[in-house]
Amino acid sequence: MKKEKGQFGYRNSMQRMRLLITGILVAAIVAQLLARFLTDNPAAKNILTVMAILTVLPMANMASPLLASWRYRTPTETFHQKVQPYESVCVILYDLILTTKEYVLPMDVIAVHPNGVYAYCTAKKKDPAKAEKALNELFYANRLKLKVKLIWEENSLWRRLECLKPADPAVDDGTVEYVVSLLKSLSM
């Protein structure tokens, strides 16, 4: 079953799919180049060379996100079960890898609440202030007043989720859904 962006297990599912497609495209390139060496017809050689070159483009499009996200895996099932009770309080997104101009930020959990966006980032060698500022600038550019708060430690995540109160549906102006779609579009 295909996982959608924001669902638990999305990263591992996408990595397997991208790895499979990249492998098939690499095999196609190798087959085209081998067929080129097996033929004596110059026109067929040219066509097979062009086909191999054109097959490299989709292969690169599949391989580049795969390489960028290779070291980031889906969290454990126990982590997922620990987060699940908070899905009734706010919208929870799992396994997104947000990209900005300077950063690739793996987010294990993002809690989207009308009071703010709280994202648990597992990247250790990032400048927290700059990463948070970059995400807030993206929100501002998309006319959002909500602020993103990056959380770098798991204990801080649990404390933040405990403090969230259920959102009042009467106050919702569609901002939460807009933020969710924006975060999904920023994710690779």
Side-chain angles (χ1 to χ4, degrees), residues 1-18 65 68-188:
M1 186 171 145
K2 184 179 178 192
K3 301 280 185 177
E4 298 294 322
K5 280 186 181 181
Q7 288 182 328
F8 183 77
Y10 174 73
R11 277 188 214 155
N12 288 349
S13 172
M14 287 306 296
Q15 285 176 349
R16 282 191 301 271
M17 186 267 310
R18 286 185 185 279
S69 66
W70 187 256
R71 62 181 158 199
Y72 307 121
R73 299 282 184 248
T74 296
T76 62
E77 183 61 34
T78 56
F79 180 85
H80 177 238
Q81 290 173 354
K82 209 170 171 182
V83 174
Q84 271 185 322
Y86 301 105
E87 291 178 356
S88 62
V89 176
C90 58
V91 177
I92 300 286
L93 298 172
Y94 299 95
D95 284 355
L96 296 182
I97 299 175
L98 301 182
T99 55
T100 65
K101 289 181 182 179
E102 297 178 18
Y103 296 108
V104 174
L105 301 166
M107 305 293 182
D108 284 357
V109 172
I110 301 175
V112 182
H113 193 270
N115 296 335
V117 178
Y118 308 101
Y120 174 54
C121 183
T122 55
K124 301 296 181 203
K125 297 181 180 176
K126 307 292 181 195
D127 182 5
K130 285 185 181 179
E132 197 170 289
K133 182 181 177 189
L135 287 174
N136 282 321
E137 286 174 357
L138 285 170
F139 271 44
Y140 181 75
N142 284 284
R143 297 180 179 89
L144 285 168
K145 295 177 182 173
L146 288 179
K147 296 289 184 189
V148 177
K149 174 68 179 146
L150 291 181
I151 301 169
W152 301 91
E153 295 177 10
E154 192 171 334
N155 291 334
S156 300
L157 170 69
W158 304 128
R159 283 193 303 270
R160 172 49 64 192
L161 291 176
E162 283 293 324
C163 293
L164 293 177
K165 304 290 183 228
D168 184 11
V171 179
D172 186 22
D173 60 354
T175 304
V176 171
E177 290 82 18
Y178 183 64
V179 169
V180 168
S181 66
L182 176 65
L183 288 170
K184 287 180 181 180
S185 71
L186 291 174
S187 177
M188 60 166 51

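The shown structure was predicted, so the numbers you read here are calculated from the model rather than taken from an experiment.
- Between the side chains of Glu162 and Trp158, no donor-acceptor pair of N or O atoms lies under 3.5 Å.
- For Arg11 against Tyr72, the heavy-atom pair with the smallest separation is CD-O, 3.8 Å.
- The only option from Asn142, Leu105, Leu138 that meets the side-chain contact (heavy atoms from CB on, under 4.5 Å) definition with Leu186 turns out to be Leu138.
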Exercise for the section: Could you check Leu161 against Tyr120 for side chain to side chain contact (heavy atoms under 4.5 Å, CB included), going step by step and ending with a plain yes or no? Expected result: CA-CA 11 Å; Leu161 291 176; Tyr120 174 54; over 6 Å; no

Practice task
Any chance you could lay out the side chain to side chain contact (heavy atoms under 4.5 Å, CB included) test for Arg73 and Gln15, step after step, and finish with the verdict?
Solution key: CA-CA 9 Å; Arg73 299 282 184 248; Gln15 285 176 349; 2.4 Å; yes

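- Here the shortest heavy-atom pairing between Val89 and His113 reads O-CD2, 3.8 Å.
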Handout entry: Check against side chain to side chain contact (heavy atoms under 4.5 Å, CB included), Gln84 and Ile92
Key = CA-CA 8 Å; Gln84 271 185 322; Ile92 300 286; over 6 Å; no

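- The two atoms that bring Met107 and Ala119 nearest to each other are SD-CB, 3.6 Å, heavy atoms only.
- In this structure, Ile110 CD1 and Ile151 CD1 are separated by 10.5 Å, a value rounded to the nearest 0.5 Å.
- Two residues are said to be in side-chain contact when any heavy atoms from C-beta on lie closer than 4.5 Å; Leu135 and Tyr103 fail this criterion.
- Counting heavy atoms from C-beta outward, Thr122 and Glu154 have side chains that stay 4.5 Å or more apart.
- Side-chain contact check for Asp95 versus Pro75: some heavy-atom pair is nearer than 4.5 Å.
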Exercise for the section: Walk me through it: do Val117 and Leu183 pass the test side chain to side chain contact (heavy atoms under 4.5 Å, CB included)? Expected result: CA-CA 10 Å; Val117 178; Leu183 288 170; 4.2 Å; yes

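- Within 6.0 Å of the CD atom in Glu153, the count of heavy atoms belonging to other residues, nucleotides or ligands does not exceed 12.
- Of all heavy-atom pairs spanning Lys3 and Tyr10, the tightest one is O-CD1, 3.6 Å.
- Looking at heavy atoms from C-beta onward, Val83 lies out of side-chain contact with Phe8 at the 4.5 angstrom threshold.
- Within 6.0 Å of the NZ atom in Lys149, the count of heavy atoms belonging to other residues, nucleotides or ligands does not exceed 12.
- Although no hydrogens or angles enter the test, the distance criterion places a donor-acceptor pair under 3.5 Å between the side chain of Asn136 and the main chain of Val148.
- Considering only residues two or more places apart in sequence or on other chains, Tyr86 meets the ring pair (Phe, Tyr, Trp, His ring centres under 6.0 Å) condition with none of them.
- Contact check for Val109 versus Tyr118: no side-chain heavy atoms found under the 4.5 Å cut-off.
- Distance NZ/Lys130 to CD/Glu137: 11.5 Å, rounded to 0.5 Å.
- Under a 3.5 Å cut-off, the side chain of Ser187 and the backbone N or O of Leu96 do not form any donor-acceptor pair.
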